[in-house]
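Take a look at the structure set out below.
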Amino acid sequence: MDEEGAAGRLHEVGHRMARVLASSGRAPDAARLIAVSKTFDAAAIAPVLAAGQRDFGENRVQEAQGKWPGLRERYPDLTLHLIGPLQSNKTREAVALFDCIHSVDRPKIAESLAAELARTGKAMRLFVQVNTGEEPQKAGIAPAGADAFIARCRDELGLALAGLMCIPPADEPPSPHFALLAKIAARNRLSGLSMGMSGDFEQALMLGATHVRVGSAIFGGR
Ligand SMILES: *Cc1c(COP(=O)(O)O)cnc(C)c1O
């Protein structure tokens with residue numbers, strides 16, 4: 001993908017977000033755009049940074065370690081989001097590099113994050129991933145177990161949760177999944193909703209998304 005193109009597409013996504021937020025009666029800053037830069041190198045990311053984007057998402061700790069420390073020296077005001085599954089043996093590296101983790105998806109990860117945050121004193125924004133489609137191959141807590149898991153994270157582990165995240169099944173309309181995530185968040189008094197990708201971020205914004213994770217609509221196909 002040409003680099004001028006990525007900055008232009010970033011602006012287009014921003015306009016589309018602004019339109020939906022306005023027509024939904026939401027504030028212009030009610031949702032953040034996370035530019036998902038997985039598989040793209042620093043040279044492809046540079047024009048998007050130059051265009052003013054500061055929130056980026058990556059799905060692998062190791063891949064992110066290869067490109068973001070250098071970029072962060074030039075752009076210290078970056079916010080980095082881990083949106084892919086976290087292995088418990090990568091918790092230390094993930095806490096060191098990222099500002100937000102959207103994939104708190106099982107007790108073992110919650111425990112290792114709690115220990116690492118206590119050890120380092122770092123404050124992080126954490127999202128619990130809910131497997132709204134109950135897909136066996138997909139990460140996340142089943143909807144029926146979400147309340148108990150959220151309570152355990154807060155009460156037993158002392159984690160300050162920012163919200164919930166979901167990835168709807170690829171072959172279903174996403175809106176019922178976004179609505180379910182919003183409902184689980186509301187009854188647990190969680191304000192953050194990480195939902196919506198290139199193909200469905202407008203629907204997610206209509207249903208209350210506070211963070212949309214958009215990759216290919218900005219960077220091009222992977
Ligand atoms: C890759 C990815 C995205 C972005 O997907 P696009 O369809 O390219 O916008 C969003 N969320 C997660 C968890 C991803 O892995």
Side-chain angles (χ1 to χ4, degrees), residues 24 26 30-32 34 36 38 57-61 81-91 94-95 98-118 123-215:
S24 309
R26 303 182 65 201
R32 271 178 114 78
I34 301 171
V36 176
K38 66 187 185 197
E58 291 282 345
N59 67 338
R60 289 169 192 271
V61 175
H81 302 258
L82 178 63
I83 60 171
L86 178 57
Q87 260 54 64
S88 56
N89 64 358
K90 288 272 166 53
T91 305
V95 167
F98 289 94
D99 305 289
C100 305
I101 295 180
H102 294 241
S103 50
V104 181
D105 62 357
R106 56 194 193 278
K108 193 172 178 203
I109 286 301
E111 285 159 18
S112 68
L113 277 171
E116 184 61 13
L117 293 175
M124 274 191 118
R125 293 176 63 78
L126 301 176
F127 291 77
V128 167
Q129 183 172 353
V130 181
N131 186 359
T132 57
E134 301 186 57
E135 296 172 280
Q137 81 285 6
K138 198 166 270 175
I141 299 287
D147 295 356
F149 180 71
I150 291 163
R152 178 164 179 202
C153 286
R154 285 171 158 166
D155 304 340
E156 286 174 39
L157 300 173
L159 292 173
L161 298 179
L164 303 180
M165 177 272 224
C166 77
I167 309 170
D171 57 353
E172 287 181 28
S175 289
H177 296 273
F178 297 150
L180 173 60
L181 196 73
K183 189 172 128 189
I184 298 170
R187 73 175 180 236
N188 285 283
R189 302 173 319 282
L190 286 167
S191 56
L193 286 172
S194 169
M195 57 189 199
M197 319 200 318
S198 291
D200 56 21
F201 68 86
E202 284 154 317
Q203 287 142 288
L205 288 168
M206 284 183 231
L207 290 163
T210 60
H211 295 70
V212 294
R213 311 177 308 267
V214 177

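Every heavy atom of this structure was used, including side-chain atoms; hydrogens, water molecules and symmetry mates were not. Along the sequence shown, residues carry numbers from 1.
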> Among side-chain atoms of S112 and T91, is any donor-acceptor pair under 3.5 angstrom?
Replying inline: yes

> Between G215 and S198, what is the shortest heavy-atom contact and its length?
Replying inline: N-OG, 3.5 Å

>> If I take atom NE2 from residue H81 and atom CZ from residue R125, how far apart are they, to the nearest 0.5 angstrom?
In response: 8.5 Å

>> What's the separation between atom SG in C166 and atom CE in M195, rounded to the nearest 0.5 Å?
In response: 6.5 Å

> Do I34 and V212 pass the side chain to side chain contact (heavy atoms under 4.5 Å, CB included) test, and can you show the C-alpha distance, the side-chain angles, and the key distance before you say yes or no?
Replying inline: CA-CA 6 Å; I34 301 171; V212 294; over 6 Å; no

>> Looking at every non-hydrogen atom in both residues, tell me the closest pair between R60 and L82 and how far apart they are.
In response: N-CD1, 4.3 Å

> K108 versus Q87: any side-chain heavy-atom pair under 4.5 Å?
Replying inline: no

> Roughly how far apart are I184 CD1 and L190 CG, rounded to 0.5 Å?
Replying inline: 10.5 Å

> Could you give all pairs that pass the side chain to side chain donor-acceptor pair (under 3.5 Å) test and reach residues 137-146, with sequence neighbours left out?
Replying inline: E135-Q137, E135-K138

> Using the ring of each side chain (for Trp, its six-membered ring), is H102 parallel, tilted or perpendicular to F127, with breaks at 30° and 60°?
Replying inline: parallel

>> Other residues, nucleotides and ligands only: do more than 12 of their heavy atoms fall within 6.0 Å of CZ on R26?
In response: yes

>> Rounded to the nearest 0.5 Å, what separates atom CD1 in I150 from atom CG in N188?
In response: 4.0 Å

> Which heavy atom of L86 sits nearest a heavy atom of I109, and at what distance?
Replying inline: O-CD1, 3.0 Å

> Between R187 and D147, is a side chain to side chain contact (heavy atoms under 4.5 Å, CB included) present by the stated rule, with each step listed?
Replying inline: CA-CA 9 Å; R187 73 175 180 236; D147 295 356; 2.9 Å; yes

> Should K90 and E116 be marked as a salt bridge (Lys or Arg N to Asp or Glu O under 4.0 Å) after you check the CA-CA gap, both sets of side-chain angles, and the distance that decides it?
Replying inline: CA-CA 11 Å; K90 288 272 166 53; E116 184 61 13; over 6 Å; no

> Between S194 and H211, does any side-chain donor sit less than 3.5 Å from a side-chain acceptor?
Replying inline: no

>> Nearest 0.5 Å, please: how far is CG in D200 from CD1 in I167?
In response: 10.5 Å

> Is there a donor-acceptor pair under 3.5 Å between the side chain of S103 and the backbone N or O of G84?
Replying inline: yes

> Closest heavy-atom contact between N131 and P143?
Replying inline: O-CD, 3.4 Å

> With a 4.5 Å limit on heavy-atom distance, are the side chains of E58 and I83 in contact?
Replying inline: no

> How far does OG of S24 sit from CG of L207, to the nearest 0.5 angstrom?
Replying inline: 8.5 Å

> Going through the checks in order, is the side chain to side chain contact (heavy atoms under 4.5 Å, CB included) test met by V128 and D105?
Replying inline: CA-CA 6 Å; V128 167; D105 62 357; over 6 Å; no

> Does any N or O in the side chain of R213 come within less than 3.5 Å of the main-chain N or O of V36, such that one atom is a donor and the other an acceptor?
Replying inline: no

> Are M124 and I101 side-chain neighbours, meaning at least one heavy-atom pair lies under 4.5 Å?
Replying inline: yes

> Hey, does F149 have a side-chain heavy atom less than 4.5 Å from the side chain of V130?
Replying inline: no

>> On a heavy-atom basis, which atom in C153 and which in L161 lie closest, and how many Å separate them?
In response: CB-CD1, 4.0 Å

> With a cut-off of 6.0 Å (strictly less than), are more than 12 heavy atoms of other residues, nucleotides or ligands near CZ of R154?
Replying inline: yes

> Where is the tightest heavy-atom contact between F201 and V214, given as atom of each residue plus distance?
Replying inline: CD2-CG2, 3.9 Å

>> Before you tell me yes or no, could you show the steps for L117 and L126 under side chain to side chain contact (heavy atoms under 4.5 Å, CB included), namely the whole-Å CA-CA distance, both residues' side-chain angles and the distance that decides it to 0.1 Å?
In response: CA-CA 11 Å; L117 293 175; L126 301 176; 4.1 Å; yes

